[in-house]
Every structure is written in C-alpha cells, then in structure tokens.
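What follows is a short report on a single structure.
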Amino acid sequence: MQDSISTKLLTYGFLFLFVFMVAVPLYWMVTTAIKTNKELYEEFSYIPRKLTLENFVRVIVREELLTNIRNSFSVAMSTTLFTVIVSAMAAFSIVRYRYPGRDWIGRVILFKYLLPSAMLFIPLYVIVTALGLGNTQMGLMLTYLTFTIPFCTWMLMGYFRGMPVELEEQAMVDGCTKIGALLRILLPLSAPGLVASAIFSFTLAWNEFLLALVITMDQSTMTVPIKLTMMVVGDQYIWGQLMAGAVLASIPVAVLYFIGQRYVVQGLAAGAVKS
C-alpha cells in the first residue's frame with residue numbers, strides 16, 4: 001500500500017514538473033505578446049496589467065507575417081499530401097512484397113531520416129538551383145520530401161505489419177488486385193497511422209529552418225521561421241512583436257494537433273509496438 005502511494009506521488013510529481021516546463025514558456029510567450037512596450041521594458045510584471053493587441057497589428061500590417069504564414073501553410077500542405085501518398089505506397093511495398101534487397105531498403109530509409117540536414121543542405125541547394133527552382137515554394141517542398149518521406153514510411157511500415165494479411169487475401173478472392181486491396185481495405189483501416197504521419201509531416205515542414213534559410217530569399221517565398229529571425233535587427237530584440245509572431249505561427253499546428261490528437265496517439269502506438 002505504501003509503495004503504491006509513493007509510486008502515485010512520484011508519477012504525479014513528474015507529470016506536474018513536465019506540465020510546468022511546457023506551460024511556463026507558453027505563458028511567457030502569450031503574455032509578452034499582449035504587453036505594452038512600457039510594461040515590457042520599464043515597469044516589468046509577470047502578470048499583464050494592461051492588455052494590448054498592438055504587437056499583433058504591427059507584425060500583421062508592418063511585417064506582413066500573414067504572407068509568410070500562407071507560404072508555410074502552402075509548402076507544408078503540399079509536402080504532407082505528397083508524403084502521405086508516397087509513404088503509404090512505399091511502406092506497403094516493403095512490408096507486403098517479396099523482392100531482393102527489401103530489408104536493406106527499409107534500413108536505408110531509416111538511415112536517411114537519421115542524417116542531419118546540416119550534411120545535406122549544400123548538395124540539395126545545388127540540385128534545386130540546377131533545376132531552376134531556387135527561391136520557389138516548389139523547390140522548398142522537394143527538399144522537405146527528403147526527410148518527411150523516410151520518417152513517414154518507417155512509421156507506416158510498422159503499422160502495416162500489424163494488419164492481418166488475410167484481409168488482403170479475402171479482398172483478392174473477391175476480385176481485387178493487390179493495389180485494389182490496399183486502396184479499398186488497408187488504407188481505410190489504417191486511417192490513424194495515415195493521420196499521424198500526415199500531422200508529423202506537416203509539423204516537420206512547418207518548423208523547418210535550415211533549408212528554408214538557404215533556398216528562400218525574399219518575402220514572397222519566405223516561411224514563418226525565417227521571417228521571425230529576420231525581425232531581429234542587429235542586437236535589438238523587439239520581444240513584443242517577436243512573441244506575437246510566434247503565437248500566430250503556433251496556431252495552425254496547435255489546431256492541427258487538437259483535431260488529430262486521438263489519431264496521433266493511436267498511430268504512434270501501433271507503429272511502435274508492431275514494427
């Protein structure tokens with residue numbers, strides 16, 4: 001009995017510490033965004049005394065941050081759509097078909113995901129420039145596929161392995177082809193895994209910084225992470241506007257996770273246990 005109480009107290013203690021570590025930066029970001037400059041730099045307080053939306057108006061009107069949010073959303077959505085389609089086909093092929101080198105392909109996919117972007121951004125930039133896609137959203141999307149597809153393929157491989165082969169065999173007895181069984185049976189049943197991979201693909205593309213810094217060059221193609229860094233001039237940090245921009249940039253991903261949180265948990269648990 002005593003051990004059970006101690007375990008619960010320890011568990012709740014760690015949970016409280018985790019929530020505290022996550023909640024404090026979020027609270028600081030939001031409160032900084034709605035404070036006046038006087039309260040930020042002269043009469044500092046932890047709890048805002050006078051709320052203002054001036055920082056949000058400045059980043060939207062003066063900095064044109066909505067343009068950058070639109071750029072990030074366009075690139076992230078295009079990357080996610082292409083990633084889910086290719087990853088589902090690739091994972092199904094590796095798991096269900098038998099051909100030489102199948103196991104090695106799975107290992108190479110994982111190895112590619114583990115490679116840091118710092119090792120690849122120069123060759124990727126050279127390739128994108130040679131294709132005439134420098135400073136374009138298309139070029140940025142193509143570079144993002146180099147890390148979203150390996151990640152989502154590896155995750156979906158674990159999900160497909162846990163699905164009974166008999167489902168496909170029964171569909172093929174009823175007249176479906178192998179691809180028909182995938183489209184009609186497996187993909188609808190694997191919705192949690194597909195949604196989880198889509199959300200993680202969107203998040204990876206939305207938050208990516210290094211490749212976007214190298215490939216995009218002006219306001220018309222610049223994504224949100226790059227724009228936020230450009231708002232720092234020399235050693236001057238306009239914290240109110242920076243935090244207002246960070247709040248606006250966080251909203252799409254927060255809404256996406258709120259809508260698909262159930263699928264994310266199911267998809268990750270299935271891919272982890274059955275891989």
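Index from 1, following the sequence.
Remark: Tyr237 OH is loosely packed, at most 12 non-hydrogen atoms of other residues, nucleotides or ligands lying under 6.0 Å away. By the neighbour-count criterion of 12 heavy atoms within 6.0 Å, atom CE of Met77 is sparsely surrounded, having that number or fewer from other residues, nucleotides or ligands. In this structure, Ile251 places its CD1 atom where more than 12 heavy-atom neighbours from other residues, nucleotides or ligands lie under 6.0 Å away. Summarising the local packing, CE of Met217 is surrounded by more than 12 heavy atoms from other residues, nucleotides or ligands at distances under 6.0 Å. At most 12 non-hydrogen atoms from other residues, nucleotides or ligands lie less than 6.0 angstrom from CZ of Arg184.
Panel note: side chain Thr229, backbone Ile226; a donor-acceptor pair is recorded below 3.5 Å. For Ser87 (side chain) and Val84 (main-chain N/O), no donor-acceptor pair under 3.5 Å exists by modelled atom type. For Ser197 (side chain) and Leu194 (main-chain N/O), a donor-acceptor pair under 3.5 Å exists by modelled atom type. Proximity of a side-chain donor or acceptor of Ser93 to a complementary backbone N or O of Met89 within less than 3.5 Å is not detected. Between the side chain of Ser72 and the main chain of Trp206, no donor-acceptor pair closer than 3.5 Å is present. A donor-acceptor pair under 3.5 Å is formed between the side chain of Gln219 and the backbone N or O of Glu64. Between the side chain of Glu208 and the backbone N or O of Ala212 there is at least one donor-acceptor pair closer than 3.5 Å. With hydrogens and angles disregarded, a donor-acceptor distance shorter than 3.5 Å links the side chain of Thr79 to the backbone of Val75. Between the Asn55 side chain and the Ala244 main chain, no donor and acceptor come within less than 3.5 Å of each other.
Side-chain contact between Ile34 and Phe56: present, with at least one pair of heavy atoms (C-beta onward) separated by less than 4.5 Å.
Linking Ile, Leu, Val, Met, Phe, Trp and Tyr residues whenever their side-chain heavy atoms come within less than 4.5 Å places Val255 and Val30 in a single cluster.
Between the side chains of Ser45 and Glu39, at least one donor N or O sits under 3.5 Å from an acceptor N or O. With no hydrogens or angles considered, a side-chain donor-acceptor pair links Thr203 and Tyr257 at under 3.5 Å.
Note on Lys227 versus Glu63: salt bridge recorded, some NZ/NE/NH1/NH2 to OD/OE distance being below 4.0 Å.
Relative ring orientation between Phe151 and Phe200 is described as tilted, the plane-to-plane angle lying within the 30° to 60° band. Ring geometry for Tyr144 versus Phe147: interplanar angle of 30 to 60°, hence tilted.
Note: Leu211 CG to Leu142 CG = 11.5 Å, rounded to the nearest 0.5 Å. Separating the CG atom in Leu189 from the OH atom in Tyr159 is a distance of 8.0 Å, to the nearest 0.5 Å.
Under the side chain to side chain donor-acceptor pair (under 3.5 Å) rule, Thr221 has a single partner from Asn68, Asn135, Thr136, which is Asn135.
Residues Ile94 and Met157 come closest through the heavy atom pair CG2-CE, 3.7 Å.
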